[in-house]
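Just so it is clear, the model here is predicted, and its values are computed rather than measured. Proteins get letters first, then strands, A, B, ... in listed order; numbering begins at 1 in each.
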Number of protein chains: 2
Amino acid sequence: MRLRNNPEALDHLKDHGDIVYINPEGMKGKWHSCFESQDAPLYIEIGMGKGDFILENARRYPDINFIGMEKFTTVLDKALKKALKEGMPKNLIFLKDDAVRLPELFENGELDRIYLNFSDPWPKSRHAKRRLTYPSFLELYKNALKKQGEMIFKTDNRNLFEYSLVTFANNGFVFEDVCLDLHHQEGYEDNIQTEYERKFSKNGPIYRLAVRVKGEENG
Amino acid sequence: MRLRNNPEALDHLKDHGDIVYINPEGMKGKWHSCFESQDAPLYIEIGMGKGDFILENARRYPDINFIGMEKFTTVLDKALKKALKEGMPKNLIFLKDDAVRLPELFENGELDRIYLNFSDPWPKSRHAKRRLTYPSFLELYKNALKKQGEMIFKTDNRNLFEYSLVTFANNGFVFEDVCLDLHHQEGYEDNIQTEYERKFSKNGPIYRLAVRVKGEENG
């Protein structure tokens, strides 16, 4: 999500260097050290937007460590302001960076779960490489995730979901669960909505895919 | 699809032994001999119902050989009567049998494509083994299909489609294409509707999955 650029946003992020990491170097393999519970699982949301989803996750699951990642400065600052106002959970940090930098940011197997929520659909074929479920991105996720590590992907964009079912199926992930109408299906009452999801779910179904990295036993 | 049993139906099928094979023995590996073009690809629809789909396929694609398979006598007889009335294409035969008998009916790699259309959803978990996309059925299909052979699956049942995306993805098929609203998506104008599809598509989306058997090159 883009917002008009706010020149004060970057300064504000820098003022909170204890909880906001801006294009960090040297953190690879060391993210656990940012948290009180260093043995807890580590979940990340790539492209967290204004942060409603990751903030509510962090509150609801205090025994898991969370990273909210967002590449746009102004958007990330919105999330930071919200978190500061509502109270920043101790098990949450923010990361300003781009998904293409995952290999520089995370050690192989450092993450337990990756969330992708309502990623930009990039509908034109010539922009397919920019979709966050394009095969080269899936390779980055697989490397950053533990064996058997999970990804959970939600979108309201039918064509992006169709595309992503194909790329996940064909690039080394095991399907755990598919839901083609998340808000009208029993069993998903614990779904945490993003700000976008609350606004647009009335227009049509929300799609959800849960996968995990293929391990030895499900080769 | 079940219809009330009609005792005359089986006799009528037997009267047309040149085009209707009833629980045949000894046909394994020899289906091509039933057709004029013995080198043509061989496509089958498992559970063809009243046969609209396979009949229209046979008319539209004269260079492909088709088998319409149906286990219910009375239903198959409806398809036969329709075909006789409209003219039975030379590249179509009917097979009265059950999908569990595929290993007795077809040699490994004998089929080029399998169609599953609007299969019984068997919604209760304890009946999952009866679903035609249950993993043990997928094993039968993989064996009967050539390497790189295709399956095309259509349904209007959301839960069956969600279930089937998972079983196909996790049991040795490569995804070629997913469509979550077949009747409202460009590029599927050549879709041939079943009688059920024509009747019920107004109630909600038709889902379609195209997969192929994993070969060496897509391991």
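The candidate with the highest count of non-hydrogen atom pairs below 4.5 Å against chain B, out of A:Phe173, A:Phe161, A:Phe175, is A:Phe175. Across A:Asp181, A:Asn170, A:Val211, the residue that shares the most heavy-atom pairs under 4.5 angstrom with chain B is A:Asn170. With chain B as partner, the option from A:Leu165, A:Asn159, A:Val178 having the largest number of non-hydrogen pairs under 4.5 angstrom is A:Val178.
A salt bridge links A:Asp52 with A:Arg198: the closest approach of a Lys/Arg side-chain nitrogen to an acidic carboxylate oxygen falls below 4.0 angstrom. In this structure, A:Arg101 pairs ionically with A:Glu25, as a charged nitrogen and a carboxylate oxygen lie closer than 4.0 Å. Using a 4.0 Å cut-off between charged side-chain N and carboxylate O, B:Lys50 and B:Glu195 make no salt bridge. Using a 4.0 Å cut-off between charged nitrogen and carboxylate oxygen, A:Glu162 and A:Arg158 count as a salt-bridge pair.
Contacts of B:Asp177 with chain A are made by backbone atoms alone, with heavy-atom separations under 4.5 Å and no side-chain atom involved. Contacts of B:Tyr207 with chain A are made by side-chain atoms alone, with heavy-atom separations under 4.5 Å and no backbone atom involved. Proximity to chain A (any heavy atom under 4.5 Å) is shown, for B:Tyr163, by neither the backbone nor the side chain.
Between B:Phe168 and B:Phe153, the angle of the ring planes lies from 30° to 60°, which puts this pair in the tilted group.
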